[in-house]
Amino acid sequence: MQIQGAVLEQSGAARPYTRSRPIAVATLQLDPPGPNEILVQIEAAGVCHSDLSVVDGTRDRPVPILLGHEAAGRVVSVGDGVDDLVEGQRVVMTFLPRCGECAACASAGKIPCTLGSRANAHGVLLGGGFRLHLKKKEIHHHNGVSGFATHAVVDRRTVVPVDESVPPAIAAVLGCAVLTGGGAVLNAAQPAPGDTLMVVGLGGVGMAALITAVSLEGVHVIGVDTSEAKLAIARRLGASATYTPAQVAEHRILATHVVEAAGHPKAFETAFAATEFGGRTVTVGLPAPDATAAISPLTITAQSRTIIGSYLGSAVPSRDIPGFVELWRNGNLPVEQLITSYTSLEDINQAMDTLADGSALRQMIMFN
């Protein structure tokens, strides 16, 4: 079938992207779903920093590639072997399919799936190969989703069904920002009542971590960012206190648990320095591969500290997304507050500029 999708031909274009236009909306051919795959009509897709990092070249991904990994939509049809989803059912896309068979999948979310990670790195689906074509040229899949399109074929293990009452924009954000940021809080940091949790970097993922921490009873929540506007949002969303990184250093602000969500080595250094004796530093940001940070190894031992890397929030999507849905449904997780604006597929280059400027949490592309 023919679809419309946003294809990145080459990474590393100069900004502004509205001028260089590295992403083109094109008509592509989409193959039907194969065994254990489904065809999804996309309803909403969030513009995430992981998309931008492919555009600017920070993350090495094969091109040409159809971007987008935070999305939700409805099942159109299913391939052989899929008997637990029906036409019209709403599903949340997740950007790391779990095969359920490798040793990593037995880690309960602690370690990313080996086969899923390999497929994502090569720009193919978990079952292997391509389903997207442009003028007879194969187009790579982004993190097994390629959600910046009217339709997508994905592996069944990439999606989690949700109730009809969950709006598509909310469902989309659950699959990346909330699963990553909120999952890092619940699965990796694991604060207890009376603890202090600090979030360094208040983009979409960081703010999702913050509202998840705020939902926990008795946890004191601190937000840290260089943007005064984002600090104001954090206070509105329930943060007990907010600081710039400079203020954290000047006043020696400490927390028992610190989640770093900026993806920058300076943010990691800020997060580590702000972690109390015996505390946990959880990093979910994705800096450039050659980025380095300076810390004192002695403090890890002498102060009994723990550094935890958390990919996809150390989550098992089928386990964790229903829990986040219930938090949202009960009014304890204001996911809609993470969506700062709505846009269209045709304005994707502008959306990337806005994201690069640091002036948005989540821009949401709506279809139909």
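Every heavy atom of this structure was used, including side-chain atoms; hydrogens, water molecules and symmetry mates were not. Just so it is clear, the model here is predicted, and its values are computed rather than measured.
Ile233 is connected to Val199 through a chain of hydrophobic side-chain contacts under 4.5 Å among Ile, Leu, Val, Met, Phe, Trp and Tyr, so both are in one cluster. Note on Ile365: it does not cluster hydrophobically with Val205, by side-chain heavy-atom contacts below 4.5 Å among ILVMFWY residues. Residues Ile65 and Leu132 are members of one and the same hydrophobic cluster, defined by side-chain heavy-atom contacts under 4.5 angstrom among Ile, Leu, Val, Met, Phe, Trp and Tyr. Hydrophobic clustering (side-chain heavy atoms under 4.5 Å, transitive across Ile, Leu, Val, Met, Phe, Trp, Tyr) groups Leu333 together with Leu361. Connection of Met364 to Ile348 is not established within any shared hydrophobic cluster, with ILVMFWY side chains joined at heavy-atom distances below 4.5 Å, either directly or through further cluster members.
Pairing each heavy atom of Ser310 with each of Val282, the nearest pair is CB-CG1, 3.8 Å. In terms of heavy-atom proximity, Ser11 sits nearest to Val63 at OG-CG1, 4.1 Å. Taking every heavy atom of both residues into account, Ser50 and Ser53 meet most closely at O-OG, 2.9 Å.
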Stepwise side chain to side chain contact (heavy atoms under 4.5 Å, CB included) check, Ile42 with Val40: CA-CA 6 Å; Ile42 306 297; Val40 178; 4.2 Å; yes
Go through it in stages, so that I can follow the logic: the residues are Met1 and Leu39, the test is side chain to side chain contact (heavy atoms under 4.5 Å, CB included), and I'd like the CA-CA distance, side-chain angles, deciding distance and then a yes or no. CA-CA 11 Å; Met1 66 179 295; Leu39 171 64; 3.8 Å; yes
Quick one: do Ser227 and Asp225 satisfy side-chain hydrogen bond (donor to acceptor under 3.5 Å, both in side chains)? Show the steps, please. CA-CA 5 Å; Ser227 166; Asp225 201 280; 4.6 Å; no
Under the salt bridge (Lys or Arg N to Asp or Glu O under 4.0 Å) rule, what do Arg74 and Glu87 come out as? Steps first, then yes or no, please. CA-CA 7 Å; Arg74 292 187 183 276; Glu87 181 180 342; over 6 Å; no
With side chain to side chain contact (heavy atoms under 4.5 Å, CB included) as the criterion, how do Val224 and Thr244 come out once you've worked through the C-alpha distance, each side chain's angles and the decisive distance to 0.1 Å? CA-CA 5 Å; Val224 177; Thr244 64; over 6 Å; no
Trace of the side chain to side chain contact (heavy atoms under 4.5 Å, CB included) decision for Leu30 with Gln2: CA-CA 6 Å; Leu30 179 64; Gln2 286 190 335; over 6 Å; no
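Here OG1 of Thr158 is found 12.0 Å from CZ of Arg98. Values are rounded to the nearest 0.5 Å. Interatomic distance, CD1 of Ile307 versus OG1 of Thr275, reported as 8.0 Å (0.5 Å rounding). We find the CZ-CD distance between Arg90 and Gln41 to be 11.0 Å, quoted to the nearest 0.5 Å. Separating the CD atom in Gln29 from the CZ atom in Arg131 is a distance of 14.0 Å, to the nearest 0.5 Å. Between the CG atom of Leu66 and the CD1 atom of Ile3 there is a distance of 6.0 Å, given to the nearest 0.5 Å. Note: Phe324 CZ to Ile211 CD1 = 9.0 Å, rounded to the nearest 0.5 Å.
For Asp195 (side chain) and Ala192 (main-chain N/O), a donor-acceptor pair under 3.5 Å exists by modelled atom type. The backbone N or O of Gly323 sits nowhere less than 3.5 Å from a side-chain atom of Glu326 that would complete a donor-acceptor pair. Using modelled atom types, no side-chain atom of Arg21 and backbone atom of Ala24 make a donor-acceptor pair closer than 3.5 Å. Of the possible donor and acceptor atoms, none in the side chain of Glu250 sits under 3.5 Å from a partner among the backbone N and O of Gln247. Side-chain atoms of Asn349 come within 3.5 Å of backbone atoms of Ile23 as a donor-acceptor pair (strictly under, hydrogens ignored). Of the possible polar contacts, one joining the Thr256 side chain to the Thr196 backbone as a donor-acceptor pair under 3.5 Å is found. With hydrogens and angles ignored, the 3.5 Å screen pairs no side-chain donor or acceptor of Asp347 with any backbone N or O of Thr343. The main-chain N or O of Ala208 is found under 3.5 Å from a side-chain atom of Thr212 such that the two form a donor-acceptor pair. Proximity of a side-chain donor or acceptor of Asp353 to a complementary backbone N or O of Tyr17 within less than 3.5 Å is detected. Under a 3.5 Å cut-off, the side chain of His141 and the backbone N or O of Ser146 do not form any donor-acceptor pair.
In this model, a donor atom of one side chain and an acceptor atom of the other lie less than 3.5 Å apart for Asp320 and Asn187. For the 3.5 Å distance criterion, the side chains of Glu260 and Thr281 fail to qualify, holding no donor opposite an acceptor. Between the side chains of Arg235 and Thr242, at least one donor N or O lies within less than 3.5 Å of an accepting N or O. For the residue pair Ser359 and Asp357, no side-chain donor N or O sits within less than 3.5 Å of a side-chain acceptor on the partner. A side-chain donor from one of Ser165 and Arg329 sits under 3.5 Å from a side-chain acceptor of the other.
Side-chain contact between Pro245 and Val200 is absent, with no heavy-atom pair separated by less than 4.5 Å. The shortest side-chain heavy-atom distance between Ile222 and Ile253 falls under the 4.5 Å cut-off. Side-chain contact between Ser117 and Leu96 is present, with at least one heavy-atom pair separated by less than 4.5 Å. A 4.5 Å side-chain heavy-atom check between Leu126 and Asn120 finds every atom pair outside the cut-off. Counting heavy atoms from C-beta on, the side chains of Pro191 and Val185 come closer than 4.5 Å. A heavy-atom distance below 4.5 Å is not found between the side chains of Arg280 and Val258. In this structure, Leu286 and Arg59 have side chains that are in contact, with non-hydrogen atoms separated by less than 4.5 Å. At least one side-chain heavy atom of Arg61 sits less than 4.5 Å from a side-chain heavy atom of Asn143.
Remark: aromatic rings of Tyr311 and Phe95 are close, center separation under 6.0 Å. Not less than 6.0 angstrom separates the ring centroid of His251 from the ring centroid of Tyr243.
In this structure, His133 places its NE2 atom where more than 12 heavy-atom neighbours from other residues, nucleotides or ligands lie under 6.0 Å away. Shown here is Asp163, whose CG atom has more than 12 heavy atoms of other residues, nucleotides or ligands within 6.0 Å.
At a threshold of 4.0 Å, the pair Arg305-Glu276 does not count as salt-bridged, since none of the basic side-chain nitrogens sits closer than that to a carboxylate oxygen. The pair Glu9-Lys137 meets the salt-bridge criterion, since a charged nitrogen lies less than 4.0 angstrom from a carboxylate oxygen.
Ring pair His142/His69 is perpendicular by interplanar angle, where above 60° counts as perpendicular and below 30° as parallel.
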